[in-house]
There are 2 protein chains.
Amino acid sequence: MNSAEKLPHPEREDLELTEVLQALSDPTRLALVRELEAGPLDMVDCSALGPDTPKSTRSHQVKVLREAGVIISELHGRNRRLTLRRDDLNARFPGLMAAILSSAEEAG
Amino acid sequence: MNSAEKLPHPEREDLELTEVLQALSDPTRLALVRELEAGPLDMVDCSALGPDTPKSTRSHQVKVLREAGVIISELHGRNRRLTLRRDDLNARFPGLMAAILSSAEEAG
DNA sequence: CCAATAGTTCAACTATTATCGAACCATGAA
DNA sequence: TTCATGGTTCGATAATAGTTGAACTATTGG
């Protein structure tokens, strides 16, 4: 009876700026976060992760974002649903995500 | 007769978000940038770079910030003067530096 | 000109990250 | 219960990033 997580997520107060920046400094992960701006998405539906990318690689990218506290990754049926941790990020680093998400798309 | 640079700096329009984030994702470099918030500083006077740190290491850290477009590094007498590229960063990524610089100090 | 200071560059080394196949695990559907 | 789906984990390897000593450059002061 636990449709929630299983994988560890850092507490809000444990989020570290340098780790968040590091997690977001990768184009693929940044694109994924931009996708999540619109709302939660199942991992399998994230186009940023690319359908060609092997499962293990996708899993790794998501893990980095989760461990940095940028997203929540919870079990949802047989999928994994990804949610941007807006509130936690805004509480800890006010304005950061707004600035990052609103900035121009790279290398389009 | 050239008291200015010599080392290459990227143009404002070439600054890339992921590179900036990467450059700032290191605690030492972030601390240096925080120090530069108050105004330009000669490299030798930057406490963030630590007096124990070898010259080559300090030079490397500064290089990463320069190449990402976060700072300007110009010759100033026999020193190198570091300046935060506030205007360029604000133009390209509005609110980003404000959010980063105002966020709580890490691991204090 | 000579020495000292401040820094760059290079090359070697270390360490951290990323990529990906293979094996495994949980859920939902038939 | 069995199978397909969607993912995790592990281990190996590749790629990238950081650290540092040594040699070199540029500037100031004597």
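Everything numeric here is computed off the predicted structure, so don't read it as measured data. In the text below, chain A, chain B and the rest are named by the order of the sequence lines, each starting its count at 1.
Between Arg12(A) and Ala91(A), the closest heavy-atom pair is NH1-CB, 3.2 Å. Taking both residues in full, the closest heavy atoms of Leu41(A) and Glu35(A) are given as CD1-OE2, 3.7 Å, listed atom of the first, atom of the second, then distance.
Nearest to the side chain of Met43(B), among dG7(D), dG7(C), dG18(D), sits dG7(C). Set against dT19(D), dT27(D), dT8(D), the side chain of Thr57(B) has dT19(D) as its closest nucleotide. Minimum atom distance to the side chain of Leu7(B) is reached by dT9(C), of the listed dT9(C), dG6(D), dT8(D).
Remark: Gln61(A) is in phosphate contact with dT19(C), judged by side-chain N or O atoms under 4.0 Å from OP1 or OP2.
Between Lys63(B) atom NZ and dG18(D) atom P the separation is 11 Å, expressed in whole Å. Remark: P of dT8(C) and CG of Leu75(B) are 9 Å apart, rounded to the nearest angstrom. Between His76(A) atom NE2 and dT27(C) atom P the separation is 13 Å, expressed in whole Å. Between the NE2 atom of His60(A) and the P atom of dT17(C) there is a distance of 9 Å, rounded to whole Å. Taking atom CG of Asp42(B) as the reference point, atom P of dG7(C) lies 7 Å away to the nearest angstrom. Distance, Asn79(A) CG to dG6(D) P: 6 Å, rounded to whole Å. Protein atom CZ of Arg81(B) is 15 Å distant from nucleotide atom C1' of dG7(C), rounded to whole Å. As rounded to whole Å, 5 Å separates atom P of dT27(C) from atom NZ of Lys6(A).
The side-chain heavy atoms of Met43(B) and Arg58(B), taken from C-beta on, include a pair separated by under 4.5 Å.
Interface remark: the Ser59(A) side chain does not form any donor-acceptor pair with the dG7(D) base, using a distance-only criterion of under 3.5 Å.
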* To do: Kindly indicate, with the supporting measurements, whether the criterion side chain to side chain contact (heavy atoms under 4.5 Å, CB included) is fulfilled by Ile71(B) and His9(B).
  => CA-CA 9 Å; Ile71(B) 64 174; His9(B) 292 74; over 6 Å; no

* **From CA spacing to verdict: side chain to side chain contact (heavy atoms under 4.5 Å, CB included), Leu82(B), Asp42(B)** => CA-CA 6 Å; Leu82(B) 308 183; Asp42(B) 283 357; over 6 Å; no

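Both Arg78(A) and Lys55(A) lie near DNA chain C, and the one whose nearest nucleotide falls closer to the 5' end is Lys55(A).
Arg29(B) comes within contact range of the sugar-phosphate backbone alone, with a heavy-atom separation under 4.0 Å but no base atom that close.
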